[in-house]
Amino acid sequence: MATTHRRPTNLLVLAALLVLTLAPSVAGASATPAEPATGSLPLVIGHRGASGYRPEHTLASYQLAIELGADYIEPDLVSTKDHQLVARHENNIAETTDVASHPEFADRKTTKTVDGVAVTGWFTEDFTLAELRTLRAKERLPALRPANTAFDGLYQIPTLQEVIDLAKRYHVGIYPETKHPTYFRSIGLPLEGPLVATLRANGYRGPDAPVFIQSFEVGNLKRLNRLTDLPLVQLIDEVGRPYDFVVSGDPRTYKDLVTPAGLAEIATYADGIGPSKNLIVPRDAAGNLQEPTSLVGDAHRAGLVVHPWTFRRENNFLPADFRQGNPASPFYLLATGDFPAELRLFYRLGVDGLFSDNADVAVAVRHDLFSS
């Protein structure tokens, strides 16, 4: 599909919004929830599944996210040596699998340059799918989430097809991200073709299908826009620039993409943006919340939905305003802060959905705000 402008996406959640007045406003946000651009309840996207409770990107993590009420589950996609798409946060699997304990793969440890950064470890593109299936997943953040290590060694690396099968069984959507698409294309393992072919083979077609495809790169999404009419989302980091811009010499940064002109261009090839939440409500150097920016409204005026990331319950990830407990405690950063307050803030600002490691809390706060 080659389009010059994409229409806003229907989010498939048909419950009407009802306005409640609850807690006082925070950082300039109204106490009255703003209606998302779609007029539907904001989506809860299970970030890498239920990664607050299980090792990320495992079928157990995805299933738990579904059981906790997530509307969509998110697999990050990388390629194997035999061009199969699997769910991993990075193609370097040193921190998310037990590969280091497999002597048969010791000689595959290497250093590569991925998106301009030298990385040492074991990489999915050096393993066939059959070889990857002999590994087991482990918690990526064991210091912050020690309880999740109880599940280390139990789960395989899932394929995209397995994630789709799970999602269809439970009637939820999928939200795949193409990881390092320029890098994978450079080594002869492009992600776009296998992704679109797999989605098409599973009946995902058209702008109302329960799928969003996301990427931090621009050229990748433009290529996908020519291949499919499924909804596309431009991910936007707080700093830096898309790696394909680095390769092509394009001087623009992510901050250029969130200007009105940048958003208008995104609307020519995508249906939404997935910004860092700090681009919506910035923080100062001490981690305190500042006044919200105009990004949500600007994106809506450009016809784009807004799905910020990432919402997590631990003090380590929360703004200083919402941290709870004794800062002198060695467990302070691991402790659960006032996570519902952060969620309420962003729901009230009118986001159309959000990515969370803790789907249960995001769903509960949504219900509290928007139920009659």
Side-chain angles (χ1 to χ4, degrees), residues 19-34 36 41-53 56 65 68-71 74 140-141 143-148 236-239 258 274-297 306-371:
V19 174
L20 292 178
T21 300
L22 296 175
S25 62
V26 179
S30 169
T32 300
L41 288 177
L43 296 175
V44 172
I45 304 148
H47 183 243
R48 307 173 195 167
S51 51
Y53 310 112
E56 65 189 31
L68 296 178
D71 304 297
E74 183 217 19
R140 187 175 63 89
L141 301 172
L144 278 171
R145 293 171 172 169
N148 288 10
I236 304 174
D237 208 341
E238 187 178 4
V239 297
V258 297
S276 164
K277 62 187 179 182
N278 294 340
L279 290 170
I280 295 175
V281 186
R283 305 183 193 186
D284 65 18
N288 298 297
L289 292 173
Q290 304 296 290
E291 289 294 315
T293 69
S294 62
L295 179 56
V296 173
V306 182
H307 298 160
W309 48 271
T310 303
F311 293 81
R312 297 162 162 142
R313 66 179 183 171
E314 293 94 348
N315 279 335
N316 183 72
F317 302 110
L318 289 168
D321 312 63
F322 300 141
R323 290 183 174 184
Q324 294 181 324
N326 180 0
S329 168
F331 302 105
Y332 178 66
L333 293 180
L334 285 67
T336 298
D338 191 359
F339 181 42
E342 183 183 44
L343 292 164
R344 283 193 292 269
L345 169 61
F346 280 82
Y347 283 144
R348 286 178 177 133
L349 289 171
V351 300
D352 303 283
L354 50 80
F355 292 83
S356 180
D357 291 6
N358 312 94
D360 51 339
V361 185
V363 170
V365 173
R366 179 179 67 180
H367 176 76
D368 187 33
L369 272 177
F370 297 117
S371 63

Rounded distance (nearest 0.5 Å) linking atom [atom1] of [X] with atom [atom2] of [Y]:
X: Asp352; Y: His307; atom1: CG; atom2: NE2; value: 5.0 Å
X: Phe322; Y: Asn288; atom1: CZ; atom2: CG; value: 10.5 Å
X: Leu41; Y: Asp71; atom1: CG; atom2: CG; value: 8.5 Å
X: Leu354; Y: Leu349; atom1: CG; atom2: CG; value: 11.5 Å
X: His367; Y: Ser371; atom1: NE2; atom2: OG; value: 4.0 Å
X: Leu318; Y: Phe311; atom1: CG; atom2: CZ; value: 10.0 Å

Nearest non-hydrogen partners of [X] and [Y], listed with the distance:
X: Asp321; Y: Gly287; answer: OD1-O, 3.9 Å
X: Ile280; Y: Pro308; answer: CD1-CB, 3.8 Å
X: Leu144; Y: Leu333; answer: CD2-O, 4.0 Å
X: Ala320; Y: Ala286; answer: CB-O, 3.9 Å
X: Glu291; Y: Pro282; answer: O-CD, 3.3 Å
X: Phe339; Y: Ser356; answer: CZ-OG, 3.6 Å

Within the structure provided, determine whether [X] and [Y] are in side-chain contact (heavy-atom separation under 4.5 Å).
X: Arg145; Y: Ser51; result: yes
X: Val351; Y: Val296; result: yes
X: Arg313; Y: Val361; result: no

Has the side chain of [X] got a donor or acceptor atom that lies under 3.5 Å from a matching backbone atom of [Y]?
X: Arg344; Y: Leu369; result: no
X: Asn358; Y: Arg312; result: no
X: Thr310; Y: Phe355; result: no
X: Asn316; Y: Leu334; result: no
X: Gln290; Y: Arg283; result: no
X: Arg323; Y: Gly337; result: no

Worksheet item: With Glu238, which residues qualify under side-chain hydrogen bond (donor to acceptor under 3.5 Å, both in side chains), at least two apart?
Response: Asn278
Discussion item. Tyr53 and side-chain hydrogen bond (donor to acceptor under 3.5 Å, both in side chains): which single residue from Asn148, Asp360, Asp357 fits?
Written reply: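 Result: among Asn148, Asp360, Asp357, Asp360 is the only option passing the side-chain hydrogen bond (donor to acceptor under 3.5 Å, both in side chains) with Tyr53.
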Discussion item. By the side chain to side chain donor-acceptor pair (under 3.5 Å) test, which pairs, at least two apart or in different chains, include something from residues 325-343?
Written reply: Lys277-Glu342
